[in-house]
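Nothing here was measured: the structure is a model prediction, and the numbers come from that model. In what follows, every chain begins at residue 1, and chains take the letters A, B, ... in the order their sequences are listed.
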Number of protein chains: 2
Amino acid sequence: MSQRHIESQRKASGSGRGKDGDGAERHEAIYRSISDAIIEHRLKPGARLREDALAEVFGVSRTGIRKILQRLALEQLVTLTPRRGASVTRPTADEAKDVFDARQMVECGLMPEVARRITDDDVRELRDMARREREALRAGEQSTAIKLSAAFHERLAQLSGNATLAEFVGRLCSRSSLILAVYGNAGHLGCESHDHDDLIGYLEAGNGERAAAFMGRHLKAIEASLSIIEETEEAPDLHSIFGR
Amino acid sequence: MSQRHIESQRKASGSGRGKDGDGAERHEAIYRSISDAIIEHRLKPGARLREDALAEVFGVSRTGIRKILQRLALEQLVTLTPRRGASVTRPTADEAKDVFDARQMVECGLMPEVARRITDDDVRELRDMARREREALRAGEQSTAIKLSAAFHERLAQLSGNATLAEFVGRLCSRSSLILAVYGNAGHLGCESHDHDDLIGYLEAGNGERAAAFMGRHLKAIEASLSIIEETEEAPDLHSIFGR
DNA sequence: CTGGAGATGATTGTATACGCCAGGCGGGCA
DNA sequence: TGCCCGCCTGGCGTATACAATCATCTCCAG
């Protein structure tokens, strides 16, 4: 028992607490680690996630890993095939369309309410997020930029005051990140340079209609930038598709 | 090991298979059993769900029950408090508002697409569902009526062809059922008599706009029928609020 | 009589052990 | 030589055992 816990110490990067922490918090941290790795494309779609390996890396037993994996599966970030284990979800073209249609409906629909409720503090926060995203983009840190972009959209949804829809948008953004990993062009990242800044401007002016329309175009632009040309791929791709 | 499986036999109501089935299917069945019980108000908000008890009732070990409970928690049908176990979620007034706002946005937004895609077979199926719901209502079978009503809305969303949004609507409907259990008036059930039939009529005519507007009024009517007068209740209510 | 502290019991959280199934591989046969 | 069948191993699914924690009850002191 103790051996494992000792193992876990080396993983706890920066965590000063000597024991193994609260447990629940550790699981949350692990969940976020894996989730971030997927969203940032450090774990690519199709990558297999073996329970034993994850359990060893994070210094917990398979039980905890299984719980986390199931949560990720429910959010459709990983796919759980009955006796084959977990792997990072590889979205289909249909799913991609569904996700972006859903975002179109929900995120645009939320804009008027956001414009109505937004405060100066919120505007400041959003501008800061947009700035950091731009910086990451300019620095070539794609991983960070992708995560920040998703975070921006999610934060925006939260400002509507509807927690249920905000959570939904959060999930859609996560899945969008996966979709970008599969169908996105390398050089052409999700959100364009100052789209987000322009959007903030409309919201700050209280113009929900303009914001909604702009968000619509913004999402359409992202979707259009995807190259949804799936299937009919050669042997080497089969290799990666089937995970090994 | 075998003792437990023998125990499970008595539970498997009507299940002819001698062994313990596929396992995954059994879990799915248990999940649906609990989910249905909650949606049909046979398990009331606040009811505690002890793992041991459930494990014994369904003839599986706690491990499987935990998995199911966590899934239900992610769908917000049950609440998992850290070391206190699981209980049927008691929605707050804010959550109720969020859920109905979300339904307003998504379900109405879906109507045009549904009107565009609906087939004669779909219409037949929907009419049948509406008829069964009316019959259940007339027979005084509230549980059945509630479930059928939720199923109707979910099926409707599925007809849009967007699986992601359909799943979301399904969850919203489940939560709505919970909300009705807490804030609904006894005599005044969720969906009125032939609202659903009228809605089918608009869809069959391909009139998405009318259908969306009608759906909007339909949901508003349900929401308005709620008596969202929470808190400031006397001692006996405190008793039930805190679950024991 | 009341408030607090300790012990006890109940219940969840975690880890481990075992069984099963699928896929891979080697040998045998056509 | 090519195909098919059987074994074997790796990894998941489930159950059980253990440990930790919180609530409650009781007893004692003020």
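- Among the heavy atoms of the strands lying under 4.0 Å from A:Arg50 are primed sugar atoms or P, OP1, OP2 only; no base atom is included.
- Residue A:Thr63 has no polar side-chain atom (N or O) positioned under 4.0 Å from OP1 or OP2 of C:dT14.
- No side-chain donor from either of B:Gln142 and B:His41 sits under 3.5 Å from a side-chain acceptor of the other.
- Checked by atom type, the side-chain pair A:Thr89/A:Thr79 shows a donor-acceptor distance below 3.5 Å.
- Checking the phosphate oxygens (OP1, OP2) of D:dT14, a side-chain nitrogen or oxygen of B:Lys67 falls inside 4.0 Å.
- Distance from the side chain of B:His27 is smallest to D:dT14 among D:dT14, C:dC21, C:dA15.
- The side chain of A:Arg84 has C:dG23 as its nearest neighbour among D:dT21, D:dC12, C:dG23.
- With sequence neighbours excluded, the residues forming a salt bridge (charged side-chain N to carboxylate O under 4.0 Å, His left out) with B:Arg155 are B:Glu125, listed by chain and number.
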Name every donor-acceptor pair, under 3.5 Å, that has one atom in a side chain of residues 65-72 of chain A and the other anywhere in the protein, sequence neighbours excluded.
{"from": "A:Arg66", "atom 1": "NH1", "to": "A:Glu51", "atom 2": "OE1", "distance (Å)": "3.3"}
{"from": "A:Arg66", "atom 1": "NH1", "to": "A:Glu51", "atom 2": "OE2", "distance (Å)": "2.8"}
{"from": "A:Arg71", "atom 1": "NH1", "to": "A:Glu28", "atom 2": "OE1", "distance (Å)": "3.3"}

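- Judged by distance alone, with hydrogens and angles left aside, B:Arg62 brings a side-chain donor or acceptor within reach of the base of C:dG13, the pair sitting under 3.5 Å.
- Distances shown here put a side-chain N or O of A:Arg66 below 4.0 Å from the OP1 or OP2 atom of D:dG13.
- With C:dT12, C:dA15, D:dG13 as the candidates, the nucleotide lying closest to the side chain of A:Ser61 is C:dA15.
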